[in-house]
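The structure appears below as structure tokens.
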Amino acid sequence: MIAIGSDHAGFPLKEEVRAYLHEKNIKYIDVGCYSPERFDYAISAQKACDKVVAGECDMAILCCGTGIGISMAANKVKGIRACACSDYFSAKYTRAHNDANVLCMGARVIGPGLATELVEVFLKTEFEGGRHQKRVDQITAIENGEKLY
Ligand code: RB5
């Protein structure tokens, strides 16, 4: 199950993502927003990320204007590793190396064609573990207030 969400600026791209998931028979929960009317990205980020952390959803895909504000908000939720991506390589390796569980994209940055490619590679790429596990654990340690140095 995938959570999807956006603010007003990301709404058109979130709708493209929704159509893509529907076409591919991938189950999703749309946490909103549901129209291009002004809507703050932090609300959708928290709603979607809470579902990921609770185990109700495996991952989330979030859209705002730049992909940045919504990724910053998402990364404030404990247990979330969100990455704002606008290229294929980053979308692939944030899964493979960072075990990212949230993909963020900017509707004012990329078009629907690239966005669906990023969604596809993000969802299909497995975390490689190994040497990368230690680094992801260090991110979690920072989140838990531990000092790494
Ligand atoms: C909304 O106008 C815009 O600021 C927002 O979607 C996002 O780009 C912020 O990071």
Side-chain angles (χ1 to χ4, degrees), residues 1-24 26-127 132 135-146 148:
M1 181 71 77
I2 306 298
I4 59 171
S6 73
D7 71 352
H8 55 285
F11 172 73
L13 193 60
K14 188 259 291 172
E15 289 300 290
E16 297 283 353
V17 171
R18 194 163 68 80
Y20 171 82
L21 296 176
H22 179 76
E23 185 197 312
K24 296 286 175 190
I26 299 170
K27 288 193 183 356
Y28 64 86
I29 301 173
D30 185 352
V31 304
C33 60
Y34 305 109
S35 84
E37 270 180 49
R38 199 162 292 275
F39 191 89
D40 295 331
Y41 55 77
I43 300 168
S44 302
Q46 192 176 43
K47 268 192 190 173
C49 292
D50 281 354
K51 291 190 183 301
V52 173
V53 170
E56 195 184 332
C57 292
D58 306 302
M59 291 183 186
I61 300 165
L62 299 173
C63 305
C64 68
T66 58
I68 296 170
I70 206 159
S71 70
M72 288 180 170
N75 276 315
K76 295 296 178 191
V77 178
K78 208 169 177 182
I80 291 301
R81 288 177 301 280
C83 184
C85 292
S86 52
D87 70 278
Y88 189 90
F89 188 88
S90 300
K92 179 173 178 174
Y93 283 95
T94 199
R95 282 287 311 125
H97 289 183
N98 315 129
D99 200 16
N101 47 15
V102 179
L103 171 67
C104 301
M105 298 181 292
R108 295 170 180 163
V109 182
I110 61 171
L114 177 56
T116 50
E117 297 256 309
L118 300 190
V119 168
E120 187 182 13
V121 73
F122 186 84
L123 295 182
K124 81 172 184 204
T125 304
E126 298 287 339
F127 176 49
H132 301 294
R135 295 157 188 168
V136 172
D137 291 343
Q138 288 172 336
I139 296 172
T140 306
I142 294 173
E143 192 173 66
N144 291 331
E146 293 170 34
L148 301 180

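As a basis for the values below, the full set of heavy atoms in this structure was taken, side chains included, without hydrogen atoms, waters or symmetry mates. We number each residue from 1, following the sequence as shown. Start at 1 and go down the list; that is how both ligands and their atoms are numbered.
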> Is there a side-chain contact between Leu123 and Leu21, using heavy atoms and a 4.5 Å cut-off?
Replying inline: yes

> Can you list, by chain and residue number, every protein residue with a non-hydrogen atom closer than 4.0 Å to ligand 1?
Replying inline: Asp7, His8, Ala9, Tyr41, Cys64, Gly65, Thr66, Gly69, Arg108

List the atom pairs, with distances to 0.1 Å, where a side-chain N or O of residues 73-84 and a protein N or O form a donor-acceptor pair under 3.5 Å, not counting sequence neighbours.
| residue | atom | partner | partner atom | Å |
| --- | --- | --- | --- | --- |
| Asn75 | OD1 | Ala82 | N | 2.8 |
| Asn75 | ND2 | Ser71 | O | 3.2 |
| Asn75 | ND2 | Ala82 | O | 3.0 |
| Lys78 | NZ | Asn144 | OD1 | 3.1 |
| Arg81 | NE | Asn98 | O | 3.1 |
| Arg81 | NE | Asp99 | O | 3.0 |
| Arg81 | NH2 | Asp99 | O | 3.0 |
| Arg81 | NH2 | Asp99 | OD2 | 3.4 |

May I have the list of side-chain donor-acceptor pairs in residues 34-41 shorter than 3.5 Å, sequence neighbours left out?
| residue | atom | partner | partner atom | Å |
| --- | --- | --- | --- | --- |
| Tyr34 | OH | Asp30 | O | 2.6 |
| Tyr34 | OH | Gly32 | N | 3.3 |
| Ser35 | OG | Glu37 | N | 3.1 |

>> Within this structure, what is the CG-CD1 distance for the pair Leu118 and Ile61, rounded to the nearest 0.5 Å?
In response: 10.0 Å

>> Under the rule for ring-ring contact (aromatic ring centres under 6.0 Å, His included), what residues qualify as partners of Tyr93, not counting sequence neighbours?
In response: Phe89, His97

> Roughly how far, to the nearest 0.5 Å, is NZ of Lys124 from NZ of Lys92?
Replying inline: 7.5 Å

